[in-house]
Amino acid sequence: MDTVPAADSSNSENNNSNTTNNSAATSSSASAPSRYENQKRRDWNTFGQYLKNHRPPLSLSRCSGAHVLEFLRYLDQFGKTKVHTQICPFFGHPNPPAPCPCPLRQAWGSLDALIGRLRAAFEEHGGKPEANPFGARAVRLYLREVRELQAKARGISYEKKKRKRPQQPAQLPPPGAS
């Protein structure tokens, strides 16, 4: 009776080839992934883990904008940004003078960057741009809502600044004209 499954022997072959590939990858530092690429890979893996743990488990092809929103709300529990509620006495104050019981949430900028990385990763993993759940209208609206809510809670405006037109110098008379 053979006690070692055939799959284990193929794994040992894969491990040997992985070791070879890993040493080749580490010897060429020119192709080292950027900080952005590393973060994008970690974000993609986190989202994949979320889909696996979802009840019932979800495949990426069945993932929608609603699932992305669910993921973003799940991430809120790990946030570090104090977002004052409307009943908080510090609502609208950028620097509150005392602690308050308002919840910690993910900052809008972090969520916006995360969605951008996941949008790119989705397409890199073979997803079609028109089927990208990270680009869904509901996700864009949610991000806009979070931005506005957090801006109001902190008393900070995110409105686009109007561009000042450069002032033209006063017209000088042509030389020789007196």
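Since this is a predicted model, take the numbers as computed values, not measurements. Numbering of residues begins at 1 and proceeds along the displayed sequence.
Rounding to the nearest 0.5 angstrom, the gap separating the CZ atom in R117 from the CD atom in E124 is 12.5 Å. Expressed to the nearest 0.5 Å, how far CG of L75 lies from OG1 of T46 amounts to 8.0 Å. Rounded to the nearest 0.5 angstrom, L118 CG and E123 CD are separated by 11.5 Å.
Residues T85 and P103 meet the side-chain proximity criterion, which asks for heavy atoms closer than 4.5 Å. Using a 4.5 Å heavy-atom threshold, the side chains of L72 and V146 count as separate.
Remark: K128 pairs with E130, A131 by the side-chain contact (heavy atoms from CB on, under 4.5 Å) rule, at least two apart or across chains. For N45, there are no side-chain hydrogen bond (donor to acceptor under 3.5 Å, both in side chains) partners, not counting sequence neighbours. When the side-chain hydrogen bond (donor to acceptor under 3.5 Å, both in side chains) test is applied to R42, the partners found at least two apart in sequence or on another chain are Q39. With sequence neighbours left out, L104 forms a side-chain contact (heavy atoms from CB on, under 4.5 Å) with K82. For R119, the side-chain hydrogen bond (donor to acceptor under 3.5 Å, both in side chains) criterion is met by no residue, not counting sequence neighbours. F71 meets the ring pair (Phe, Tyr, Trp, His ring centres under 6.0 Å) test with F47, Y50; sequence neighbours excluded. With sequence neighbours excluded, no residue forms a side-chain hydrogen bond (donor to acceptor under 3.5 Å, both in side chains) with D112. Annotation: salt bridge (charged side-chain N to carboxylate O under 4.0 Å, His left out) contacts of E37 (sequence neighbours excluded): K40.
Every pair passing side chain to side chain donor-acceptor pair (under 3.5 Å) that includes a residue from residues 54-65 is listed here, sequence neighbours excluded: H54-E70, S59-S61, S64-H67. Counting only residues at least two apart or in different chains, salt bridge (Lys or Arg N to Asp or Glu O under 4.0 Å) contacts with residues 96-108 comprise D76-R105. Screening residues 133-146 for side chain to side chain donor-acceptor pair (under 3.5 Å), with sequence neighbours left out, gives no hits.
For the residue pair A121 and W44, the shortest heavy atom distance occurs at CB-CE3, 3.6 Å. Of all non-hydrogen atoms in L51 and C63, the two that sit nearest each other are CD2-SG, 4.3 Å. Contact between V139 and L69 at its shortest, heavy atoms only, is CA-CD2, 3.9 Å. The minimum heavy-atom distance linking P99 with F90 is given by the pair O-CE1, 3.9 Å. The heavy-atom pair separating G65 from A136 by the smallest distance is CA-CB, 3.9 Å. Smallest separation of non-hydrogen atoms from H84 and A153: O-CB, 3.4 Å.
Residues W108 and L141 are members of separate hydrophobic clusters, defined by side-chain heavy-atom contacts under 4.5 angstrom among Ile, Leu, Val, Met, Phe, Trp and Tyr.
A donor atom on one side chain and an acceptor atom on the other are found under 3.5 Å apart for R41 and N38.
Within 6.0 Å of atom OH in Y74, 12 or fewer heavy atoms from other residues, nucleotides or ligands are found, so the atom counts as exposed in its surroundings. In the displayed structure, Q86 atom CD is contacted under 6.0 Å by at most 12 heavy atoms of other residues, nucleotides or ligands.
Hydrophobic cluster of L149: the remaining members, joined at side-chain heavy-atom separations below 4.5 Å, are V83, listed by chain and number.
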